[in-house]
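Note sheet for the following structure.
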Amino acid sequence: MSAEDKIIEKIILHRDIKELVIQELRAANIPCQETEFTDPRGDILIISANDAAKVKQVIQSLQKRANS
């Protein structure tokens with residue numbers, strides 16, 4: 001696999017994980033949106049800081065699924 005293929009593979013994985021997180025957040029009724037590609041603050045904007053605890057639960061759930 002070439003260096004370019006490895007980079008493409010990482011970008012695709014990043015995109016897919018980001019889409020999965022957004023899907024799970026929306027399923028949990030947590031308003032969010034994808035940020036611009038070059039946003040230095042991150043990939044997903046959580047609209048309300050009050051949802052922080054719920055976001056943490058969603059992320060922990062995804063981590064458990066990935067590690068099992």
Side-chain angles (χ1 to χ4, degrees):
M1 180 179 285
S2 70
E4 291 87 0
D5 291 336
K6 290 178 183 177
I7 292 170
I8 291 168
E9 188 175 272
K10 287 181 182 183
I11 291 171
I12 290 171
L13 179 62
H14 179 88
R15 179 202 63 199
D16 293 348
I17 290 172
K18 180 174 57 175
E19 289 174 356
L20 175 63
V21 170
I22 290 172
Q23 177 183 334
E24 293 292 320
L25 291 172
R26 289 182 176 155
N29 294 314
I30 301 170
C32 62
Q33 65 186 43
E34 185 176 354
T35 61
E36 294 294 320
F37 179 71
T38 58
D39 193 327
R41 295 171 292 176
D43 295 317
I44 302 170
L45 173 65
I46 306 302
I47 305 300
S48 174
N50 295 332
D51 288 327
K54 289 188 339 186
V55 170
K56 186 175 180 179
Q57 289 175 340
V58 169
I59 298 299
Q60 287 173 339
S61 173
L62 287 169
Q63 288 174 327
K64 283 182 184 178
R65 284 178 22 200
N67 292 327
S68 55

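Since the model is a prediction, treat every value here as computed from it, not as a measurement.
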Linked, directly or transitively: Leu25 and Ile47 (ILVMFWY side chains, under 4.5 Å): no
Would you say the side chain of Thr35 lies within less than 4.5 Å of the side chain of Arg41, judging by non-hydrogen atoms? no
Does atom CD of Glu19 have more than 12 heavy-atom neighbours, drawn from other residues, nucleotides or ligands, at distances under 6.0 Å? yes
In this structure, are over 12 heavy atoms from other groups packed under 6.0 Å from Glu36 atom CD? no
Value rounded to 0.5 Å, distance of CD1 in Ile44 from CD in Glu34: 8.0 Å
Can you hop from Met1 to Leu13 via hydrophobic side chains spaced under 4.5 Å? no
Nearest 0.5 Å please: distance from the CG atom of Asp43 over to the CZ atom of Arg15. 13.0 Å
Should Val55 and Leu45 be regarded as members of a common hydrophobic cluster, given that ILVMFWY residues are connected when their side-chain heavy atoms come within less than 4.5 Å of each other, either directly or indirectly? no
Please determine whether side chain to side chain contact (heavy atoms under 4.5 Å, CB included) holds for the pair Val58 and Val21, giving the CA-CA distance in whole Å, both sets of side-chain angles, and the decisive distance to 0.1 Å. CA-CA 8 Å; Val58 169; Val21 170; 5.6 Å; no
Should Ile17 and Ile46 be counted in the same cluster of Ile, Leu, Val, Met, Phe, Trp and Tyr side chains packed under 4.5 Å apart? yes
Just wondering, do Gln57 and Ile30 contact through their side chains at under 4.5 Å, heavy atoms? no
